[in-house]
Amino acid sequence: MIPAGDLGVVCPICHRGLHAEADRLRCADCARDYPVVAGIPDLRIEPDPWIGLEEDRAKALLVLERSRGRRFEDTVR
């Protein structure tokens, strides 16, 4: 895996490079972890006002699971 810092992805708090680990990006400078959910780094630092971060991540994984092998139109339906 390519270190995230090489891709220009930086910590939204301290703006330093992030390093990829198995299931997260890690900022060594401010000791923050950012999960990678379904292959997408989640760099949010505050939750959405309507859904918490963990609930939103679980929802994303559920949508991914239910959409496997389906066309986009069927997934939306």
- Query: Taking atom NE2 of His19 and atom CZ of Arg26, what is their separation to the nearest 0.5 Å?
  - Reply: 10.0 Å

- Message: To check you understand the geometry: which heavy-atom pair defines the closest contact between Ile45 and Pro12, and what is its length?
- Response: CG2-CG, 3.8 Å

- Query: Hey, is the main chain of Leu62 close enough, under 3.5 Å, to the side chain of Glu65 for a donor-acceptor pair?
  - Reply: no

- Message: Arg70: which residues meet the side chain to side chain donor-acceptor pair (under 3.5 Å) condition with it, sequence neighbours left out?
- Response: none

- Query: Would you say the side chain of Arg16 lies within less than 4.5 Å of the side chain of Cys30, judging by non-hydrogen atoms?
  - Reply: no

- Task: Go through Tyr34 and Val9 one step at a time and tell me if the side-chain contact (heavy atoms from CB on, under 4.5 Å) criterion holds.
- Result: CA-CA 11 Å; Tyr34 301 96; Val9 178; over 6 Å; no

- Message: Suppose we screen for side chain to side chain donor-acceptor pair (under 3.5 Å). Which residues come up paired with Asp29, at least two apart in sequence or across chains?
- Response: none

- Message: Using side-chain contact (heavy atoms from CB on, under 4.5 Å), reason through Ile13 and Arg32 one step at a time and then give a plain yes or no.
- Response: CA-CA 9 Å; Ile13 300 295; Arg32 291 184 68 102; 3.6 Å; yes

- Item | From Leu43, Asp33, Val10, residue fulfilling side-chain contact (heavy atoms from CB on, under 4.5 Å) relative to Leu25 | Leu43

- Message: Using the side-chain contact (heavy atoms from CB on, under 4.5 Å) criterion, which residues pair with Ala38? Sequence neighbours excluded.
- Response: Leu61, Leu64

- So CD of Glu54 and CG of Asp42: to nearest 0.5 Å the spacing works out to 9.0 Å

- Item | Residue list, side-chain contact (heavy atoms from CB on, under 4.5 Å) with Pro47, at least two apart or on another chain | Leu53

- Start with the C-alpha distance between Ile51 and Asp56, add both sets of side-chain angles, then the distance that settles side-chain contact (heavy atoms from CB on, under 4.5 Å), and finish with yes or no. CA-CA 6 Å; Ile51 188 170; Asp56 195 29; 4.1 Å; yes

- Query: Who passes side chain to side chain donor-acceptor pair (under 3.5 Å) against Arg66, sequence neighbours left out?
  - Reply: none

- Task: Return the set of residues passing side chain to side chain donor-acceptor pair (under 3.5 Å) with Asp74 (not counting sequence neighbours), or none when no residue passes.
- Result: Arg71, Arg77

